[in-house]
**Q** 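Let me give you the structure first, and then I'll get to my questions.
Chain letters run A, B, ... following the sequence lines, proteins first, then strands; residues in each count from 1.
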Amino acid sequence: MPKKPRVRFAPSPTGGLHLGGVRTVLYNYLFAHQQDGQFILRIEDTDQARYVEGAEQYIYDCLAWCRLEPHESPAVGGPYGPYRQSERKSIYGKYAQQLIEQGHAYYAFDTPEELEAMRANFKTEENPSPQYNHIIRKMMRNSLTLPPAEVEQLLKDHTPFVIRINMPENEDISFHDMIRGEVHFNSSQSDDKVLLKADGMPTYHLAVVVDDYLMKITHAFRGEEWLPSAPVHIMLWRYFGWINDMPQWAHLPLILKPDGKGKLSKRDGDRLGFPVFAMDWKDPASGEVTRGFKEMGFLPEAFINMLALLGWNDGTEKELFSKEELIAAFSMDRVHKNGAKFNFEKAKWFNHEWIKRMPDEIIAGKLRAQAKNKLPDEKMTRIASLIKERCTLLTDVWENAWFFFETPADVDVDSIRPRWNSDKRNFFSEWTTEIKETIEWNAMTLESKFKELAASKNIKPGDVLLPLRIMLVGKKIGPGVFDIADIIGKEETIKRVELTLARL
RNA sequence: GCCGCGUUGGUCAAUCGGUUAAGACGCAUCCCUUUCACGGAUGAAUGAGGGGUUCGAUUCCCCUACGCGGUACCA
């Protein structure tokens, strides 16, 4: 029996949680839950210069909103903690040291200025960005080029240093990607990446390998932008002697901007008027707030459904999936290789579909939150069922329901006037008199009485239906007029008709 | 520049050598509804280019083009 999978999402807490990040979470979550495995959240905060206040909590909030909660995380703990890399600092040094002893890594004493000079010196038209590779390293100040005694002295003097991986020359590095199949690299193409920084913190490259090993990760899913550094990570797995425990990789396609090309960024959302982050993100430095899908009126169910289908489908025509259905249907080998352009119109369609399918009580709850005067639950759910199909975003709910709760202040009498006459005026004043006596107050009776009266006065019902709607709602929108009259009640119906009559 | 990954309608996409190349979003027209929406019907719109392999290529291989990603003591 195969091992239960252990997967992880490893964000760096530097700001808002991007769509693509949530999709990575989702695929991790679906994969883990499908196979009764564990989903781990690890915080990759090794870059202290990029620390952003509140960003970690924000990630928890987003995952909670999406209902994609991890089994293990800095917040809930777990058997392989700590789950925050800054708290694991002491672990990494030991492993870097081990690599040095085995000759798979070395000390490098080059200052940032020296590196800059190197890049400037070797920069040519054919090679605009020279790398610290197997050729260049021979010309730099490191423990491979310096006499051992000098290295020892530098170390003793606490000269700042980094530890770099010693990439082999001209070796084939290939691996099987769950989405892309066999991927090949030549080791000469990768440079000697920094493993341990001068501040003693590991870089992503060291930390991801050490932590995936220590946390017994079986499958590692990340964005396609990581594909070029895969050979470095694979070399590390080999150097450490852990290659048989290396997780299976899957490099997820990118989510692209709707117009043009390239990765979707927060800026694209600002520019084109749609959210990119899961929830509102307030930059603590600037105070600037970036809108999120949640606050824009998206249902988490719709949000993850939309994300799941951006780069994956089950091969059938089914598009609407609950989380449970996604868990059952998801498979990594049906994830596309190519990036997908984000389409906000389609995202809204998903939300619309989900609102329509939502139980009335849930929508009634949204109503209750906004209405000043509370109606009985029975009426609330009825309103919800009447307006659901008219709402694309949750923010549309109130726009389509406010007139059940308050008398319209603005009435579009201009739409009535052109065809208004005394017959119609008489009709309405007679109707109000009639309904005052009506005992049975419901949509059906109201409609038949209304039509009977119109017929008796030789008026086509259609000629008075639209005016009635405008009287009750203020404009030409909304569910059936008699349903509205039914819900707002006799008194309010008469009040609104008379109010408008007075304005005509 | 180099390395890697990719390329089916405007967008998301099905097809795992043989189809009139699905479906969805959006768009257009019509029906339903004497509002708005929902729903229904119809329509326009697709295999980057060139070579192979094959009885037969959207599908397999190669080349070209194009796009994207990477090329930090950031992740």
Side-chain angles (χ1 to χ4, degrees), chain A residues 10-14 44-47 49-50 85 108 110-112 115-116 119 123-133 160-164 177 179-180 183-186 188-191 193-205 207-208 222-231 251 253-254 256 258-263 306 309-320 336-350 352 356 386-392 396 400 415 460-470 473 475-481:
Chain A
S12 118
T14 52
E44 308 231 335
D45 55 348
T46 53
D47 187 358
R50 294 211 300 166
Q85 289 182 332
D110 318 280
T111 63
L115 287 173
E116 214 173 292
R119 291 195 184 101
K123 186 173 165 176
T124 60
E125 207 147 296
E126 296 78 45
N127 184 12
S129 41
Q131 298 194 302
Y132 202 115
N133 60 16
F161 66 85
V162 300
I163 294 178
R164 284 180 183 271
D177 187 280
I179 296 171
R180 286 151 218 283
V183 183
H184 296 266
F185 295 90
N186 185 296
S188 298
Q189 294 301 327
S190 296
D191 63 351
K193 290 274 179 257
V194 170
L195 263 21
L196 203 74
K197 300 186 261 190
D199 65 1
M201 276 288 195
T203 59
Y204 172 80
H205 303 110
V208 73
R222 68 209 323 187
E224 192 188 345
E225 67 268 31
W226 288 108
L227 205 42
S229 49
H251 290 89
L254 265 17
L256 277 15
D259 57 339
K261 311 277 177 168
K263 280 199 283 187
M306 176 273 291
L309 274 282
L310 206 57
W312 170 87
N313 71 77
D314 73 343
T316 73
E317 286 179 14
K318 189 173 164 70
E319 289 195 276
L320 265 8
H336 289 178
K337 296 179 179 70
N338 50 305
K341 288 184 184 175
F342 177 66
N343 183 338
F344 190 49
E345 291 307 315
K346 187 74 184 244
K348 284 194 291 194
W349 176 81
F350 274 106
H352 192 185
K356 285 194 286 184
L386 252 22
I387 62 158
K388 272 197 307 192
E389 65 196 22
R390 277 155 244 266
C391 302
T392 296
D396 297 334
N400 284 289
S415 291
K460 279 187 284 182
D463 290 343
V464 278
L465 230 30
L466 191 64
L468 176 62
R469 166 174 302 281
I470 292 172
V473 179
K475 50 186 175 179
K476 294 186 264 190
I477 58 153
V481 251

**Q** At under 4.0 Å between heavy atoms, what does A:Lys388 touch on the DNA or RNA strands: base, sugar-phosphate, or nothing?
**A**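 Result for A:Lys388 = nothing.
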
**Q** Could you tell me how far apart A:Arg180 (CZ) and B:G6 (P) are, to the nearest whole angstrom?
**A**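 Result: 6 Å.
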
**Q** So does A:Ser229 get a side-chain nitrogen or oxygen closer than 4.0 Å to the phosphate oxygens (OP1/OP2) of B:U71?
**A**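 For B:U71, neither OP1 nor OP2 has a side-chain N or O of A:Ser229 closer than 4.0 Å.
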
**Q** Tell me whether the side-chain N/O atoms of A:His336 come closer than 4.0 Å to OP1 or OP2 in B:A13.
**A**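 The answer is yes; a side-chain N or O of A:His336 sits under 4.0 Å from OP1 or OP2.
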
**Q** When the distance from CG of A:Leu256 to C1' of B:C5 is rounded to whole Å, what number comes out?
**A**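 After rounding, the reported distance stands at 12 Å.
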
**Q** Is A:Lys337 close enough to B:C5 that one of its side-chain N or O atoms is under 4.0 Å from OP1 or OP2 there?
**A**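 For A:Lys337, the contact criterion (side-chain N or O under 4.0 Å from OP1 or OP2 of B:C5) is not met.
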
**Q** Counting only side-chain N and O atoms of A:Asn338, is one of them less than 4.0 Å from OP1 or OP2 of B:U7?
**A**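 Yes, within the criterion.
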
**Q** Under 4.0 Å from OP1 or OP2 of B:A75: is there any side-chain N or O of A:Lys197 that close?
**A**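 Answer yes for this pair, as a side-chain N or O of A:Lys197 is under 4.0 Å from OP1 or OP2.
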
**Q** Using a heavy-atom cut-off of 4.0 Å across all strands, would you classify A:Lys460 as base, sugar-phosphate, or nothing?
**A**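 Base: the residue A:Lys460, judged by heavy atoms under 4.0 Å, touches a nucleobase.
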
**Q** Return the minimal non-hydrogen interatomic distance between A:Ser190 and A:Gln131, and the atom names on each side.
**A**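 Reported closest heavy-atom pair: C-OE1, 4.5 Å.
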
**Q** Return the pairing partner of B:C5 with a 3.5 Å limit on both distances, Watson-Crick or G-U wobble; otherwise return none.
**A**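 B:C5 is paired with B:G67.
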
**Q** So, A:Glu224 and A:Lys263, do they make that salt bridge, N to O below 4.0 Å?
**A**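 Answer for the salt bridge query: no.
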
**Q** Would you say B:C66 has OP1 or OP2 under 4.0 Å from some side-chain N or O of A:Lys261?
**A**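 A:Lys261 to B:C66 OP1/OP2: no side-chain N or O under 4.0 Å.
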
**Q** Could you tell me whether A:Thr46 contacts a base, only the sugar-phosphate backbone, or nothing, with contacts defined as non-hydrogen atoms closer than 4.0 Å?
**A**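 The answer is sugar-phosphate, as A:Thr46 gets under 4.0 Å only of primed atoms, P, OP1 or OP2.
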
**Q** Quick one: is A:Arg119 getting a side-chain N or O under 4.0 Å of the B:C73 phosphate, OP1 or OP2?
**A**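 Yes.
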
**Q** Is any NZ, NE, NH1 or NH2 atom of the basic residue among A:Glu116 and A:Arg119 found under 4.0 Å from an Asp or Glu carboxylate oxygen of the other?
**A**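 No.
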
**Q** Look through every strand shown and name the nucleotide pairing with B:U46 as Watson-Crick or G-U wobble, where both distances are under 3.5 Å.
**A**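 Partner of B:U46: none found under 3.5 Å.
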
**Q** Quick one: is A:His352 getting a side-chain N or O under 4.0 Å of the B:G39 phosphate, OP1 or OP2?
**A**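 No.
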
**Q** Name the nucleic acid region contacted by A:Val162, choosing base, sugar-phosphate or nothing; use a 4.0 angstrom heavy-atom cut-off, strictly under.
**A**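 Here A:Val162 touches the bases of the nucleic acid.
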
**Q** With rounding to the nearest 0.5 angstrom, report the OG to CD distance, A:Ser12 to A:Gln85.
**A**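 Nearest 0.5 Å value for the OG-CD distance: 9.5 Å.
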
**Q** Please classify the nucleic acid contact of A:Asp177 as base, sugar-phosphate, or nothing, using heavy-atom distances under 4.0 Å.
**A**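 Result for A:Asp177 = nothing.
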
**Q** So what does A:Ala340 hit on the nucleic acid, given a heavy-atom distance under 4.0 Å: a base, only sugar-phosphate, or nothing?
**A**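 Here A:Ala340 touches the backbone only, sparing every base.
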
**Q** Would you say NZ of A:Lys460 has more than 12 non-hydrogen atoms from neighbouring residues, nucleotides or ligands within 6.0 angstrom?
**A**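 At most 12 heavy atoms, drawn from other residues, nucleotides or ligands, come within 6.0 Å of this atom.
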
**Q** Looking at A:Arg50, does any N or O in its side chain come under 4.0 Å of the phosphate oxygens OP1/OP2 on B:A75?
**A**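 Answer is no, no contact under 4.0 Å.
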
